[in-house]
Amino acid sequence: MRVLVLSSTFPSSTQPTRGVFVRERIRRLGKRCEVVVVAPVPWFPLNRWIRRERATVPAVEHQEGLTVYHPRFFSLPRYGKFMDGAFYYLSLLAFTRRLRRTFPFEIIDAHFAFPDGLAATLLAKTFSCPVVVTLRGTIVRLSGYPLHRPQLRWVLRQADRVTAVSESLAEVAVGLGLPRDRVRVIPNGVDTRKFMPMDRTQARRLAGLPEDRKILLTVAGIYEGKGQHTVVEILPALREKYPDLLYVMVGNSRPGEQYRRRLTETIWRLGLNDHVLVAGPQPHADLVRWFSAADVSVLATQS
């Protein structure tokens, strides 16, 4: 079977840690099927100031046996984001027609219900092929937006198959009107050849972390939805019981957002400079040492 994968959240040479979880799943799908990945990059005339990192993404890459295309799709910033699905489809229509001449895909596999799912469903209708849509955490937030909700409802009803990575996300789909028996839950997996517990002292040495402190760890993109600020705000109270506490954040900031600056200001205001470490993005294969080094792993995500 020839599968066209559509996902705007996917690693690239300029953002190697973005959407690694999607690539890990698709890399394994590629062992069973012929797969081509289309990972579009949002574009706007002022991109060089709004999305500096994404502007340099190459048109095509080869990643771990996968061919990955990065065409641009027109995307209005901020309040125009509800139009992303429609612009995504229109921007990719000609590109997909050309691609199909050399790769006659039989099914479209879309990751995230919006904007990928909407564009994929429209493309599937255009090319008369089935479409599978995977639901991930963003649908929780988007389903509450009045301009997104009807689009999500339409995608779920039109898709040939809907999968969700958790039971709670399946319930969100049910809340949007999809019968429960039309959603299949397939949780994200863990590669236990890469991720297994290792000695904490050794892990801390490899990660360059102190061996004598209590360590809280968050591994996630550094933006408001992941909630690092909520952890920072309770650190003063936690320090009363654990004076040697260290909060470590592993992850990358989103281009053009001011969240990282506000987070830094909060850390300074609360006098937590010696109790917070922003380690930045780390290679996927190295995350095992960071998880093993921590006393507690924390994820304060909103969805």
Same cluster (ILVMFWY, side-chain, under 4.5 Å), Val288 and Met249: no
Separation of Leu178 CG from Arg180 CZ (nearest 0.5 Å): 9.5 Å
Any donor-acceptor N/O pair, Gln151 side chain to Phe82 backbone, under 3.5 Å: yes
Shortest non-hydrogen contact between Cys33 and Met1, atoms and distance: CB-O, 3.2 Å
Enclosure of Arg262 CZ (heavy-atom neighbours >12, cutoff 6.0 Å): yes
Are side-chain heavy atoms of Val41 and Pro71 found at a separation under 4.5 Å? no
What are the two closest heavy atoms between Ala159 and Val162, and how far apart are they? CB-CG2, 4.0 Å
Judged by modelled atom types alone, do Ser166 and Ser168 share a side-chain donor-acceptor pair under 3.5 Å? yes
Basic-acidic side-chain contact under 4.0 Å: Asp295, Arg200: yes
Go through the side-chain N and O atoms of Ser13 and Glu61 and say whether any donor and acceptor fall under 3.5 Å apart. yes
Ignoring hydrogens and geometry beyond distance, is a side-chain donor-acceptor pair present between Thr134 and Arg25 at under 3.5 Å? yes
The test is side-chain hydrogen bond (donor to acceptor under 3.5 Å, both in side chains); show your working for Gln258 and Arg261 and say whether it passes. CA-CA 5 Å; Gln258 299 299 313; Arg261 179 182 58 79; 3.0 Å; yes
I'd like to know if the side chain of Arg72 reaches the main chain of Trp43, judged simply by a donor and an acceptor atom lying under 3.5 Å from each other, with no hydrogens or angles considered. no
Rounded to the nearest 0.5 Å, how far apart are CG of Leu135 and CG of Leu176? 9.0 Å
If you draw a 6.0 Å radius around CZ in Arg2, do more than 12 non-hydrogen atoms from other residues or ligands fall strictly inside? yes
Checking Arg204 side chain against Ala293 main chain: does a donor-acceptor pair fall under 3.5 Å? yes
Looking at Lys125 and Trp154, what are the two nearest heavy atoms and their distance? CE-CZ2, 3.7 Å
State whether the side chain of His70 and the backbone N or O of Ala39 hold a donor-acceptor pair below 3.5 Å, judged by distance alone. yes
Using the ring-ring contact (aromatic ring centres under 6.0 Å, His included) definition, which of the options Tyr223, Tyr259, Tyr247 pairs with His229? Tyr259
Hey, does Asp84 have a side-chain heavy atom less than 4.5 Å from the side chain of Pro42? no
Are the aromatic rings of Tyr242 and His275 close, with centres under 6.0 Å apart? no
Side chain to side chain contact (heavy atoms under 4.5 Å, CB included) partner of Asp109, the single match among Val37, Leu4, Ile26: Ile26
Do Leu6 and Leu92 make a side-chain contact, defined as non-hydrogen atoms from C-beta onward lying under 4.5 Å apart? yes
Can you find a side-chain donor-acceptor pair between Ser75 and Tyr88 that sits under 3.5 Å? no
Would you give the length of the straight line joining atom CG of Leu246 to atom CG of Asp274, rounded to the nearest 0.5 angstrom? 9.5 Å
Given the options Arg28, Arg27, His284, Asp191 meets side-chain hydrogen bond (donor to acceptor under 3.5 Å, both in side chains) only with Arg28
What closest approach, in Å, do Gln228 and Ile222 show between heavy atoms, and which atom pair accounts for it? NE2-CA, 3.6 Å
Do Val219 and Leu287 have side chains that get closer than 4.5 Å, going by heavy atoms? yes
For the pair Asp116 (side chain) and Ser8 (backbone), establish whether a donor and an acceptor sit closer than 3.5 Å, ignoring hydrogens and angles. yes
Going only through I, L, V, M, F, W and Y residues with side-chain contacts under 4.5 Å, is there a path from Leu272 to Ile234? yes
Taking the side chain as C-beta and beyond, is there a heavy-atom pair between Thr163 and Val185 under 4.5 Å? no
Interatomic distance, CZ@Arg98 vs CG@Leu93, rounded to 0.5 Å, equals 10.0 Å
Are the side chains of Glu24 and Lys194 in contact, using a 4.5 Å heavy-atom criterion? yes
Aromatic ring proximity, centroids under 6.0 angstrom, Tyr89 and Phe73: no
What are the two closest heavy atoms between Val140 and Ser143, and how far apart are they? O-OG, 3.0 Å
Once rounded to the nearest 0.5 Å, what's the spacing between atom OG of Ser297 and atom CG of Leu217? 5.0 Å
Under 4.5 Å between side-chain heavy atoms, hopping through other hydrophobics if needed: is there a path connecting Leu118 to Phe112? no
Consider only side-chain heavy atoms of I, L, V, M, F, W and Y, link residues closer than 4.5 Å, and tell whether Val298 and Ile215 are in one cluster. no
Indicate yes or no for a side-chain donor-acceptor contact from Ser292 to the backbone of Pro197 under 3.5 Å, with no hydrogens or angles considered. no
For Gly144, is there any backbone N or O sitting under 3.5 Å from a side-chain donor or acceptor partner on Arg149? no
Which label fits Phe105 and Phe103: parallel for a plane angle under 30°, tilted from 30 to 60°, or perpendicular past 60°? tilted
Which atom pair, heavy atoms only, marks the closest approach of Arg213 to Pro210? CD-CG, 3.7 Å
Single-linkage hydrophobic cluster Leu245~Leu270, side-chain heavy atoms < 4.5 angstrom: yes
Would a distance-only check, ignoring hydrogens and angles, find a side-chain to backbone donor-acceptor pair under 3.5 Å from Arg161 to Val132? no
Are any side-chain N or O atoms of Ser12 and backbone N or O atoms of Gln15, one a donor and one an acceptor, separated by less than 3.5 Å? yes
Expected output: side-chain Gln63 to main-chain Pro11 donor-acceptor under 3.5 Å: yes
Out of curiosity, Phe44 CZ to Phe87 CZ, how far, rounded to the nearest 0.5 Å? 10.0 Å
So do Phe74 and Pro45 actually touch side chain to side chain, heavy atoms under 4.5 Å? yes
Within the 4.5 Å heavy-atom criterion, are Thr266 and Arg269 side-chain neighbours or not? yes
